[in-house]
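Single-structure report; data block below.
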Amino acid sequence: MSSKLPTSALLVLLSIIIYSQSPVLLQLLGQANIDKTRLIKWSNSKPLNNHDCKVMHQADACEDVKIHYASNTAFLACGDPIGRTNWYPCAGVRHPEKRAEASFREQLFKYDIKSGLTTKLELEGFDGDFITHGIDVYEFPDDSTKVHIFAVNHGRTGDSIEIFSHNLGSNTAKLIKKVTHPNIKTANGVSAMGPFDFYITNDHYFARGPLRVLEETYGPFTWSTNVQYCDANNPEVICKQATGTFPGANGINSWNDRLFVGDARNGTVTVFQIQEDRSLTWLRQIDLGAAADNINILPTTGDPIVAVFPTLEDLPAYLDNVRSLGKDFLVPAAALRLDSSRDYTPELIYFDDGSVVSFMTTGAVDPYNRLFIASSVLQFGGFAVCKLRPGAVV
């Protein structure tokens, strides 16, 4: 069913569905028919590349990580695990009155790969809520001294993309633009294309209200989520939908003229070709055998590194057991490499029973320093650094 269906008509249809509990009507409305047995392919895997890991407790609840290889620096978007059990809209948690006011200011961290030092970045020129999610780092071709950090923000007044300028080696990040637009409504991942333009995924159709509750209850729907391209180079921000819809668009990243979009519901990564006008041409879809979260890129080959959930996700249980995640409540973690030399065939490169990082939402490989950096959106001790054996990932 078209995502352009008027909201009033959609509300009527959903009301009828609730009253009748009709599978036929749900199908007509576009409910995605997903065979969940497809999503547990890696559930019985043996431990892999988790033999020498150190959990970092300087930062908690790090939903995403991006490595800036030239400076040996990993950037992480982190937050408050307890606060997220009360306000984290992307997880269906919307009770701001229950979240401590001070916890509405979450953090960006940097991890120095050479020294092992973790540092919280001081955010300059920033006021208001900062509830982190996906991030990306833009490198300037003509200036190796600085980067722009793009960060999804789930503030109480609505979602935005914050663009910070960071001088490499410093401990500060200065806000240079807060990007808002009606099409940035349920932002999840962000992929920077220039100093002020980017792609995002919206991981739901409705941002709030009764229709959002109904979407969460009866979804996913085939039209629920999408990819937007936003150009914020000028005072007037332009955002437009860049491609078709997905049941659960989530992680996103790019390499040269390829854009990769992970689906957290359907267990796929879709590969697009980026056109000069930033429109997207569908190339192929890869079945992962597990639900996909964030995507990083292996810098030596351009292969996507995809964090996946090897067992079926049970988010309510994770939220209820935040204090125990990675301790006595373990959620298996896995990451796949999509080998571009073999038509993006998925290959397991990391597996752990959750003792290192539970409910892992991202994994990044540093092939130069032979490290795997994993992080979790809800765990205390929000990220881990694992040493890789020679030849583990090339």
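In this chain, residues are counted from 1 in sequence order.
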| Should the pair H154 and Y88 be assigned to parallel (<30°), tilted (30 to 60°) or perpendicular (>60°) ring geometry? | perpendicular

| message | Tell me whether R323 at atom CZ has more than 12 heavy atoms from other residues, nucleotides or ligands lying less than 6.0 Å away. | response | no

| remark: What one should report as the nearest heavy-atom pair of N188 and D203 is ND2-OD2, 2.9 Å

| query | In terms of side-chain geometry, is the basic nitrogen of R337 or D339 positioned less than 4.0 Å from the acidic oxygen of its partner? | reply | no

| said: Whether D129 and R105 form a salt bridge (side-chain N of Lys/Arg under 4.0 Å from carboxylate O of Asp/Glu) is what I want to check. | reply: no

| task | Count the heavy atoms belonging to other residues, nucleotides or ligands that lie under 6.0 Å from CG of D127, then report whether that count exceeds 12. | result | no

| task | Hey, can you tell me if F150 and H148 have their rings parallel, tilted or perpendicular (30° and 60° cut-offs)? | result | tilted

| For the student: nearest non-hydrogen atoms of S45 and F351, plus distance | O-CE2, 3.3 Å

| task | Salt-bridge test for D136 and K66: reply yes if a basic N is under 4.0 Å from a carboxylate O, no otherwise. | result | no

| Pair E162 + K177: basic N to acidic O under 4.0 Å | no

| task | Check whether more than 12 heavy atoms from other residues, nucleotides or ligands sit under 6.0 Å from atom CG of N33, and answer yes or no. | result | no

| query | So, W42 side chain and L288 main chain: donor-acceptor pair closer than 3.5 Å or not? | reply | yes

| task | Kindly indicate whether the side chain of S191, heavy atoms from C-beta on, has any atom under 4.5 Å from the side chain of F198. | result | no

| So which heavy atom on T222 is nearest to which on T245, and how close? | O-OG1, 3.1 Å

| said: Could you see if Y344 belongs to whatever hydrophobic cluster contains I305? Use Ile, Leu, Val, Met, Phe, Trp, Tyr and a side-chain cutoff under 4.5 Å. | reply: no

| Do R94 and E216 sit within salt-bridge range, that is, some charged N less than 4.0 Å from a carboxylate O? | yes

| request: Indicate yes or no: does E215 engage R265 in a salt bridge with an N to O separation below 4.0 Å. | output: no

| Atom pair CG (L76) and CG (D64), whose distance is rounded to the nearest 0.5 Å | 8.5 Å

| Shortest non-hydrogen contact from S355 toward L330 | OG-CD1, 3.6 Å

| query | What orientation do F104 and W87 show, parallel under 30°, tilted 30 to 60°, or perpendicular over 60°? | reply | tilted

| Is it true that R389 and D52 have a side-chain N and a carboxylate O under 4.0 angstrom from each other? | no

